[in-house]
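First comes the structure, then the notes that go with it.
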Protein chains: 2
Amino acid sequence: MHPHGQNLSDEIYTLLKSKILRGEYKGGEKIPEEHLAKEFGVSRTPIREAVRRLGEYGLVDIKPRCYAVVSSISEKEAADIARVRIDLECLAIDLITPKNLEANLKDLARHAAECQYAADIDDRAGIFIQDSLFHLSLVKASDNITLYNVYERLEIKIQQLRVNQNLYSPELKDYIKQHGTIMSLLKEGKKQECKNLMYEHIIHETCPEDLKL
Amino acid sequence: MHPHGQNLSDEIYTLLKSKILRGEYKGGEKIPEEHLAKEFGVSRTPIREAVRRLGEYGLVDIKPRCYAVVSSISEKEAADIARVRIDLECLAIDLITPKNLEANLKDLARHAAECQYAADIDDRAGIFIQDSLFHLSLVKASDNITLYNVYERLEIKIQQLRVNQNLYSPELKDYIKQHGTIMSLLKEGKKQECKNLMYEHIIHETCPEDLKL
DNA sequence: TTATTCCTTATTGTATACAATAATAAAAGA
DNA sequence: TCTTTTATTATTGTATACAATAAGGAATAA
């Protein structure tokens, strides 16, 4: 294994997380430490640390002294996640000052553009990645580190949701276009309008069709 | 060491957390694994797991390959925490249904009463503990597991804030009385009024006097 | 066949040893 | 004296060994 991080635990964590978020390990699947250790060619120690960290993020469920399984997301939990997500992003919109918007506009615009590009070439994984980065940048622009930390954790579950429930629809491309409108409304300081749009935007991005909030 | 949990890691985690939240280990203090291992009479392994978990909760800062220190909270971060807290609790108020309120009212009333009692006998630690439990119960009544998880994490930082900044004032006793009003407003379904009161309540509970949000 | 007990295996939990790195102190050079 | 280099120590990172527990299956009794 070629080390390109600071330590093995961090590497394994990143690797394992991406494997779960790509659906390579599926919900409910057992992931014994020994097995992963052999697969990644390291000892159980860094594996164990990575798995436990993923446990903190809710990506794996750890049954003490038994085993760890990749977590699943129920419909109810999916709706719960979407509801909290809306609230946090709306708080971010409220907190964004013109100055902080200015400082983050370049990032926002770049991710919006790259998300659009991914949609144009029908790169589904790319859409989700760039969309995530757009929304993370928006929250970052709030300049509230606690809000960012909280949102960052939630974002991981949102990614898992997207993979698990295969949240891709043809209409998604239309909703991606809303990123531009969101930026415009932010620039014009029309916060209430922006929040209303965000509500609609997130519902369509995050929720299974028939889900009611 | 008398084991009374499932495993040592969890025990050490709980113990270390409470020591930090009681101010026994102060912000900025180095906590070498070996040192803690001797203090608790166990090997480095469970210590290490506990410390890394506390790192995920933001109670310790881990400098890779160097050392871990108990984290400190800046004034800016304190304000950030309070702002997010207000938002999350107001979301909880919005989500509480009459049915779920009913199911959690006994807990709410009990913690409110015990908080009041702690104030009467001037038990400062008790006030904070029961107050925390009151607010956690309120969030739990929202029946949104994601909201609860997110809030639970934040709550740990709130406790740290209270210890670090010694957030105790004579007026606190007055604000504790608001718990009763909050419950009444919830029962009457006066959500907007309840949220307004919660805003004021949290500001006075969580913020250093001169802090502006 | 169905339940129950026992044994085997799989898996985690903890301690320990050693390597790698960073912090600290001491020594050398200017 | 002050800076730079070198050596020493403190601390983390990783591998490994073994104990403790849980899971699964085979043997036994009904």
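Lettering of chains follows the sequences in order, A, B, ..., and the numbering in each one begins at 1. In what follows, every heavy atom counts, from backbone to side chain, and hydrogens, waters and symmetry copies are set aside.
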Handout entry: Residue met sooner reading DNA chain D from 5', once A:Arg44 and B:Ile62 are mapped to nucleotides
Key = B:Ile62
[X] has an atom [atom1]; how far is it from atom [atom2] of [N], in whole Å?
| X | N | atom1 | atom2 | answer |
| --- | --- | --- | --- | --- |
| A:Glu49 | C:dT14 | CD | P | 14 Å |
| A:Lys38 | D:dA15 | NZ | P | 15 Å |
| A:Ile47 | D:dA15 | CD1 | P | 9 Å |
| A:Arg52 | C:dT14 | CZ | P | 9 Å |
| A:Leu36 | D:dT14 | CG | P | 16 Å |
| A:Ile12 | D:dG13 | CD1 | C1' | 13 Å |
| A:Asp10 | D:dT14 | CG | C1' | 13 Å |

Exercise for the section: Examine D:dA15: is either OP1 or OP2 under 4.0 Å from a nitrogen or oxygen in the side chain of A:Ser43? Give yes or no. Expected result: yes
Exercise for the section: Quick one: which residue pairs count as a ring pair (Phe, Tyr, Trp, His ring centres under 6.0 Å) with a foot in residues 66-125 of chain A, not counting sequence neighbours? Expected result: none
Exercise for the section: Would you please say whether a donor-acceptor pair under 3.5 Å links the side chains of B:Thr97 and B:Asn100? Expected result: yes
Problem - A:Glu171-A:His204 side chain donor-acceptor pair, cut-off 3.5 Å - result: no
Practice task
Consider the side chain of A:Ser9, meaning its heavy atoms from C-beta on, and name the nucleotide among D:dA15, C:dG13, D:dT14 that approaches it most closely.
Solution key: D:dT14
Exercise for the section: With the side chain of B:Arg48 defined as its heavy atoms from C-beta on, choose the nearest nucleotide among C:dG13, D:dA15, D:dT12. Expected result: D:dT12
Check the interface with nucleotides 9-11 of chain C: list each N/O to N/O pair with the protein under 3.5 Å, or write none.
from	atom 1	to	atom 2	distance (Å)
C:dT11	O3'	A:Cys66	O	3.4

Practice task
With side chain to side chain contact (heavy atoms under 4.5 Å, CB included) as the test, would you mind laying out the steps for A:Met198 and A:Ile86 before giving the verdict?
Solution key: CA-CA 7 Å; A:Met198 183 62 85; A:Ile86 289 168; 5.9 Å; no
Practice task
Inspect the contact between B:Glu49 and B:Arg44 and indicate whether a charged nitrogen and a carboxylate oxygen are less than 4.0 angstrom apart.
Solution key: no
Problem - NZ/NE/NH1/NH2 to OD/OE distance under 4.0 Å, B:Glu56 and B:Arg52 - result: no
Practice task
Please confirm whether A:His201 and A:Tyr175 have ring centers closer than 6.0 angstrom.
Solution key: no
